[in-house]
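Notes for the one structure printed next.
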Amino acid sequence: VTQEPRLHCARCDLDHPLPELAWRCARCSGVLDLAGFDPAWPDPSAWAARPATLWRYAEALPVPAGRAARISLGEGMTPLVPAAGHPGVALKVDYLAPTGSFKDRGAVVLVAAAAELGACRMVADSSGNAGAAIAAYAARAGIGCEVFLPAGTSPGKVAQLRAYRAEVREVAGTRQDAADAAALAAEAPGVYYASHVYQPAFLHGTKTYAFELWEQLGGRLPETLLLPVGNGTLVLGAYLGARELAARGLVDRLPRIVAVQAAGCAPLAAAFAAGRDEPEPVTPEPTVAEGIAIARPARGAQILAAVRDTGGAVVTVSDGQVLEARAELGAGGLYVEPTAAACWAAVRSGAVPPVPSPESPAPSGAPSEARGRSHGDVPVHTVLPLCGSGLKSGGY
Ligand SMILES: *Cc1c(COP(=O)(O)O)cnc(C)c1O
Ligand SMILES: [Zn+2]
């Protein structure tokens, strides 16, 4: 067994040596993970002295730091603020990223990896934010970029892509139709498929979400990570980051991951509730949470396994709950797109299952809000991201 970094298919075990343009398993079309990448880290106390970007974790990222520094837009180390009216709940304000969503964490690492491969052209597909993030870093790196979007994507997101000089292809149909069109375009020789879903480099960028929380909470992670889930790039990244912290003895257990879907498109919630290992594709209903409306998540089995490994859950929120949650956030000074209000909707509506507590077991059926309430300072037990800016979605 080689210990060299390589791409590994979790489904059929085939290894693909790096560097590699392939974006899915050559034998079974399964998703690939980065394996054999286990770098030495500095003592984490060294992080604090470095600039407040995600490149403070350079040793943990699978791209050469020099290359990355040239395409960085200062992403990472977003604020963590207390949630009004919910002691112990904190909001990670990831919409303050350079392109307005958490996708910058993954995109900068993905584009650095593509540049390392010598790619001079890439294609991506997105409901908006991933495409914007990839297009911005591609522009910064001088790599041509074509982005496939489902027709009807928020005009603000399309405008942003055009600003970055990406070639925009609007595809009639669903988010899946856009993904299929991109995958087809990526068959052309020499084209890099900059898929935030398939390329594992993206997840090594989003894992910095967990590293930052660990630093911001004074060297620990919260009991509960509440995360939106469509394709699972933040769920899987946060899980990866938490596991890397655990492997180095920096946390003694993984936070439970409670993932949130929109009720109109919830294949992972359905599979979780049914105890299945793989999601079954669903026919999506329109939802205001366009960023998580993924009918057929390619990493679905991995997402379900990650959530279960942490003792977490997959829950749903309705469009009405999402819009109420967004209105409440806005009224408190936080301007997000509807998708980015889904986790807050889960908190407000009591959809987050209570943490089983050995000292004072919560009576079954108790509203989750009752938990963790006390006077004075409550340590942060739950963190959720505000992961997409309201500036590009409009609609208030
Ligand atoms: C991409 C995105 C999500 C969902 O991320 P997945 O990787 O699809 O799970 C949630 N919210 C916002 C604002 C996004 O841009
Ligand atoms: Zn395979």
Side-chain angles (χ1 to χ4, degrees), residues 7-16 22-33 35 92-97 99-107 110 124-134 149 153-154 156-157 160 175-176 179 195-199 202-203 205-207 209 226-239 257 259-262 265-269 279 287-303 306-307 314 317 322 326 329 335-345 384-393:
L7 296 177
H8 177 256
C9 175
R11 191 195 284 165
C12 80
D13 238 20
L14 186 67
D15 275 337
H16 302 61
W23 51 274
R24 60 183 168 189
C25 177
R27 182 159 66 200
C28 79
S29 298
V31 291
L32 299 174
D33 295 312
K92 185 133 169 81
V93 190
D94 254 28
Y95 71 75
L96 291 177
T99 78
S101 84
F102 82 84
K103 301 291 196 317
D104 291 355
R105 297 181 182 279
L110 175 62
D125 59 277
S126 167
S127 61
N129 288 332
I134 289 164
L149 300 170
T153 298
S154 302
K157 293 181 179 176
Q160 187 180 18
R175 174 72 183 75
Q176 188 60 48
S195 168
H196 59 297
V197 184
Y198 279 94
Q199 296 287 356
F202 197 93
L203 306 179
T206 54
K207 77 185 178 187
Y209 182 84
L226 197 55
L227 297 164
V229 67
N231 276 308
T233 66
L234 191 51
V235 164
L236 291 171
Y239 176 66
I257 292 178
V260 182
Q261 297 220 278
C265 185
L268 295 163
T287 167
V288 295
E290 63 182 13
I292 45 176
I294 307 295
R296 210 159 23 108
R299 293 189 183 270
Q302 292 186 336
I303 296 164
V307 166
V314 188
V317 290
V322 168
R326 185 173 78 143
L329 289 169
Y335 192 46
V336 299
E337 68 173 284
T339 306
C343 290
W344 185 241
L384 58 121
L386 301 181
C387 52
S389 170
L391 291 174
K392 40 180 155 173
S393 67

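Whatever order the structure lists ligands and atoms in, that order sets their numbers, starting from 1. Position 1 is the first residue of the sequence, and the numbers go up from there.
Heavy-atom contacts of N129 reach the following atoms of ligand 1: 13 (C), 14 (C), 15 (O) (cutoff under 4.0 Å). Distances below 4.0 Å separate heavy atoms of E337 from the following atoms of ligand 1: 13 (C). Which parts of ligand 1 touch P228 is read off a 4.0 Å heavy-atom cut-off, strictly below it: atoms 10 (C). Close contacts of ligand 1 with G230, meaning ligand atoms under 4.0 Å from a residue heavy atom, involve 6 (P), 8 (O), 9 (O). In the vicinity of T233, heavy-atom distances shorter than 4.0 Å reach the ligand 1 atoms 6 (P), 7 (O), 9 (O).
T287 is not listed as a side-chain neighbour of Q261, based on a closest heavy-atom distance of 4.5 Å or more. In this structure, E290 and S154 have side chains that are in contact, with non-hydrogen atoms separated by less than 4.5 Å. In this structure the side chain of K157 never reaches within 4.5 angstrom of the side chain of L149, judged on heavy atoms. Counting only heavy atoms from C-beta outward, the side chains of L32 and H8 never approach each other to under 4.5 Å. Using a 4.5 Å cut-off on side-chain heavy atoms (C-beta onward), T206 and H196 make no contact. Between T233 and F102 there is a side-chain heavy-atom pair separated by less than 4.5 Å.
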Worksheet item: Should R326 and V288 be marked as a side chain to side chain contact (heavy atoms under 4.5 Å, CB included) after you check the CA-CA gap, both sets of side-chain angles, and the distance that decides it?
Response: CA-CA 11 Å; R326 185 173 78 143; V288 295; over 6 Å; no
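Residue I292 has no nitrogen or oxygen atom sitting less than 3.5 Å from a nitrogen or oxygen atom of ligand 1, judged on distance alone. Geometrically, ligand 1 and G388 share no nitrogen or oxygen pair separated by less than 3.5 Å.
The nearest non-hydrogen atom to atom 10 (C) of ligand 1, considering only V336, L268, D94, T339, comes from T339.
Considering the Zn ion (ligand 2) as centre, the angle to SG of C12 and to SG of C9 is 110° (10° rounding). Here the angle at the Zn ion (ligand 2) defined by SG in C25 and SG in C28 stands at 110°, rounded to 10 degrees.
Atom-to-atom distance recorded for L226:CG and I257:CD1 is 10.5 Å, nearest 0.5 angstrom.
Here the protein heavy atom with the shortest distance to atom 1 (C) of ligand 1 is K103 NZ, 1.3 Å. Nearest to atom 12 (C) of ligand 1 among the protein's heavy atoms is C387 SG, 3.7 Å. Among protein heavy atoms, atom 8 (O) of ligand 1 sits closest to N231 N, 2.7 Å.
R105 contributes no side-chain N or O that, together with a main-chain N or O of K207, makes up a donor-acceptor pair within less than 3.5 Å. Between the side chain of R27 and the main chain of C12, a donor-acceptor pair closer than 3.5 Å is present.
Proximity of V229 to ligand 1 is established by a heavy-atom distance of less than 4.0 Å. The closest approach between any non-hydrogen atom of F102 and ligand 1 is below 4.0 Å.
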